[in-house]
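In the text below, chain A, chain B and the rest are named by the order of the sequence lines, each starting its count at 1.
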There are 2 protein chains.
Amino acid sequence: MYPIPNRRSPCSIVNRHYQPCYEVAARYPGPQFYTCSYCGRFLTRTYISESGAIHCRTHVVFTDGACLNNGQANPSAGWGIATGASTSQCYVSPFDCSFGQRTNQRAELTGAYEGMIRGLRDMKKSCPHYEQLHTDNGDRMELLLVTDSEYVTKAMTEWLPKWKANDMKTSSGQTPANLDIISHFDDRVEFLKKQDVHVGFMHVLRHRNELADKLAKRAAEVDRKLMHGVSRDNAFDKVIASSPDLAVSDFTSTFERLPNSR
Amino acid sequence: MYPIPNRRSPCSIVNRHYQPCYEVAARYPGPQFYTCSYCGRFLTRTYISESGAIHCRTHVVFTDGACLNNGQANPSAGWGIATGASTSQCYVSPFDCSFGQRTNQRAELTGAYEGMIRGLRDMKKSCPHYEQLHTDNGDRMELLLVTDSEYVTKAMTEWLPKWKANDMKTSSGQTPANLDIISHFDDRVEFLKKQDVHVGFMHVLRHRNELADKLAKRAAEVDRKLMHGVSRDNAFDKVIASSPDLAVSDFTSTFERLPNSR
RNA sequence: CGACACCGCAUUUA
DNA sequence: TAAATGCGGTGTCG
């Protein structure tokens with residue numbers, strides 16, 4: 001499918017997929033998620049150097065979307081992401097109406113997109129342990145977006161290339177849904193790649209994504225309150241009270257300039 | 001397409017199609033399905049007599065087939081039919097391997113066929129209301145097979161006559177699929193017609209065939225269990241538990257003598 | 001190309 | 001229990 005890296009390959013994201021180092025995978029089966037004990041950021045064990053030391057370079061962001069009353073009347077939606085273990089590394093946001101229709105899929109896509117934007121911002125902060133960035137391979141940066149949505153992962157890695165080669169039609173001849181978000185997302189990933197920032201996607205089952213799941217649900221509840229006319233401050237009250245240093249993303253400003261959003 | 005009956009025609013099945021009485025159709029738009037409040041059998045409002053009374057004579061059987069993993073490895077299939085509203089008027093059966101390849105189309109065809117066989121049996125029972133058969137036109141009997149499979153309906157009414165006139169080839173020159181079932185089915189319909197038992201076909205969309213749909217799905221699940229080596233009693237357990245008086249047809253014995261079955 | 005089925009997967013909910 | 005959001009496929013015919 002995608003090239004098998006060298007045993008000590010310093011790269012773990014290849015063609016938008018996470019490709020663990022051969023030696024690390026042999027020692028630690030399963031997803032190679034790792035929490036930096038100094039800064040709390042989520043990382044992967046990327047490779048093992050000659051000395052035997054584990055080098056962590058790929059940053060991980062857990063992302064999720066939620067949509068209360070999905071498919072019914074009066075849906076409300078939001079997303080939650082976690083770049084690290086502390087609440088200041090968690091972000092929640094309800095949807096803005098400018099995103100158009102609220103559905104679970106649009107919430108999931110937006111969650112992953114915002115995970116990329118804010119994850120990139122966080123990974124540029126230095127860690128007190130290393131007193132440098134967690135990247136130890138020059139300017140190259142790697143960001144792994146974890147989601148429990150197969151839809152997001154496959155859309156961004158498998159389906160969109162096929163749709164492009166098929167006159168932007170799905171296998172059943174329909175125009176793919178949510179192309180506004182997906183295309184914008186795709187453009188951004190390509191743009192970052194040119195700057196040596198490599199974004200990958202990984203699908204996990206829901207119970208492996210608990211933190212982001214809870215954050216997203218809170219965000220959707222805030223959205224519901226806002227739609228019921230509750231003032232913004234009051235709507236966010238419970239979220240802030242339960243996690244005082246939670247980074248509440250007021251609205252997803254990054255996305256407000258999304259063209260053709262509807 | 002097919003002849004328009006007299007306004008008070010006592011016949012509603014013409015040339016394998018259901019042809020509602022003009023006056024009934026004017027009064028009750030849509031499919032003329034009707035549940036006898038005494039025996040629970042499904043009927044159609046066939047015609048309105050001089051006195052204004054609605055006469056119900058055509059018996060209706062809802063039929064469906066299901067095939068889990070259709071077109072994939074390890075398919076399992078079954079059919080479900082309903083001649084009336086009570087569970088004792090519902091039948092389910094998993095497929096026997098003697099039916100050859102398990103596909104959705106073979107399941108649909110077999111469901112319709114078995115609907116004819118068992119529907120005919122049930123319609124010969126008297127109704128406590130009429131204290132006679134629901135047929136009030138001498139020996140003539142009418143049985144309408146309802147299916148959500150356009151394939152079944154068209155094969156039995158449109159396509160087979162064309163294939164016969166075309167050296168048993170489809171319009172693309174191929175030999176039609178599932179001819180073993182279709183020909184046997186056709187023979188049976190013709191045979192019954194000579195005994196003044198008229199069988200018709202009606203296509204409805206899937207959501208109008210919910211009962212048979214669920215029965216067929218259960219049957220396919222039983223088939224899956226049997227193929228996984230579950231004992232027959234255990235395989236049927238859940239089906240029987242949820243509907244104690246459900247008429248479980250062990251295997252479709254009517255069909256076992258089907259020639260060239262494969 | 002169209003139509004009707006039959007599914008499979010993951011998620012979001014009520 | 002049951003429904004919606006979305007994708008992928010096969011079975012079949014015209």
Side-chain angles (χ1 to χ4, degrees), chain A residues 64-79 101-109 111-112 147-160 162-163 169-179 181-182 203-207 209 213 216-217 220 224, chain B residues 63-79 101-109 111-112 147-160 162-163 166 169-179 182 203-210 213-214 216-217 220-221 224 242:
Chain A
D64 198 19
C67 181
L68 308 180
N69 276 321
N70 181 44
Q72 315 296 143
N74 306 318
S76 54
W79 53 259
Q101 194 184 355
R102 286 163 165 84
T103 68
N104 66 323
Q105 311 287 39
R106 291 182 76 81
E108 298 278 7
L109 281 167
T147 173
D148 56 27
S149 168
E150 200 175 61
Y151 173 70
V152 168
T153 303
K154 293 202 170 175
M156 297 302 293
T157 61
E158 289 180 29
W159 298 336
L160 185 54
K162 287 183 184 171
W163 297 339
K169 299 288 180 190
T170 66
S171 70
S172 64
Q174 310 296 309
T175 297
N178 307 316
L179 263 186
I181 299 181
I182 293 171
H203 172 63
V204 297
L205 292 180
R206 199 165 69 98
H207 68 278
N209 201 28
D213 184 76
K217 206 152 293 182
R224 173 183 278 169
Chain B
T63 78
D64 198 19
C67 181
L68 309 182
N69 277 321
N70 181 45
Q72 314 293 325
N74 306 316
S76 55
W79 54 259
Q101 195 184 354
R102 287 162 163 86
T103 68
N104 65 321
Q105 313 287 38
R106 292 181 77 80
E108 298 278 7
L109 281 166
T147 173
D148 57 24
S149 168
E150 204 174 57
Y151 174 72
V152 168
T153 304
K154 294 202 170 174
M156 297 301 294
T157 61
E158 290 180 29
W159 298 336
L160 185 54
K162 288 183 185 172
W163 297 340
N166 189 31
K169 299 289 179 190
T170 66
S171 68
S172 63
Q174 309 296 309
T175 297
N178 307 316
L179 262 185
I182 292 170
H203 173 64
V204 297
L205 291 182
R206 198 167 73 94
H207 69 278
R208 298 297 304 266
N209 201 28
E210 266 188 54
D213 183 77
K214 282 172 186 163
K217 205 152 292 183
E221 281 160 9
R224 171 184 277 171
S242 59

Any idea which of C:A3, C:U12, D:dG11 is nearest the B:Thr103 side chain? D:dG11

Taking any heavy-atom pair under 4.0 Å as a contact, classify A:Gly65: base, sugar-phosphate, or nothing. sugar-phosphate

Closest to the 5' end of RNA chain C, once B:Cys67 and A:Gly173 are matched to their nearest nucleotides, is A:Gly173

Check the phosphate of D:dT12 against B:Trp163, side-chain N and O only, distance under 4.0 Å to OP1 or OP2. Yes or no? no

Counting the atoms with a prime plus P, OP1 and OP2 as sugar-phosphate, which does B:Asn209 contact under 4.0 Å by heavy atoms, base, sugar-phosphate, or nothing? nothing

Using a heavy-atom cut-off of 4.0 Å across all strands, would you classify B:Pro176 as base, sugar-phosphate, or nothing? sugar-phosphate

B:Val152 and side-chain contact (heavy atoms from CB on, under 4.5 Å): which single residue from B:Thr157, B:Asp64, B:Asn178, B:Leu109 fits? B:Leu109

Reckon A:Arg206 has a side-chain N or O less than 4.0 Å from the OP1 or OP2 of C:U12? yes

Determine: side-chain N/O of B:Thr147 to OP1/OP2 of C:A5, distance under 4.0 Å, yes or no. no

Nearest-angstrom distance from the residue atom CG of B:Leu109 to C1' of D:dC13: 12 Å

Which listed nucleotide (C:G8, C:U12, D:dT12) is nearest to the side chain of B:Arg106? D:dT12

Is there a donor and acceptor pair closer than 3.5 Å between the side chain of B:Asn104 and the base of C:A5? yes

Distance below 4.0 Å between A:Ser171 side-chain N/O and D:dG9 OP1 or OP2: yes

Give one of base, sugar-phosphate or nothing for B:Gln105, where a contact means two heavy atoms less than 4.0 Å apart. base

Just N and O in the side chain of A:Thr153: are any of them under 4.0 Å from OP1 or OP2 of C:A10? no

Can you see whether A:Tyr151 engages A:Asn104 through a side-chain donor-acceptor pair at a distance of less than 3.5 angstrom? no

Using the closest heavy atom to pick a nucleotide of DNA chain D for each, name whichever of A:Asn178 or B:Glu210 lands nearer the 5' end. B:Glu210

Does a salt bridge link B:Glu210 with B:Lys214, judged by any charged N lying under 4.0 Å from a carboxylate O? yes

For B:Val204 against B:Asn209, the heavy-atom pair lying closest together: CG2-CB, 4.1 Å

Could you check whether B:Asp213 gets within reach of a base, just the sugar-phosphate, or nothing at all, counting any heavy atom under 4.0 Å? sugar-phosphate

Between the base of C:C6 and the side chain of B:Asn70, is there a donor and acceptor pair under 3.5 angstrom? yes

Name the nucleic acid region contacted by B:Asn74, choosing base, sugar-phosphate or nothing; use a 4.0 angstrom heavy-atom cut-off, strictly under. nothing

Counting the atoms with a prime plus P, OP1 and OP2 as sugar-phosphate, which does A:Lys217 contact under 4.0 Å by heavy atoms, base, sugar-phosphate, or nothing? sugar-phosphate

Classify the side-chain pair B:Ser172/B:Thr170 by whether it contains a donor and acceptor separated by less than 3.5 Å. yes

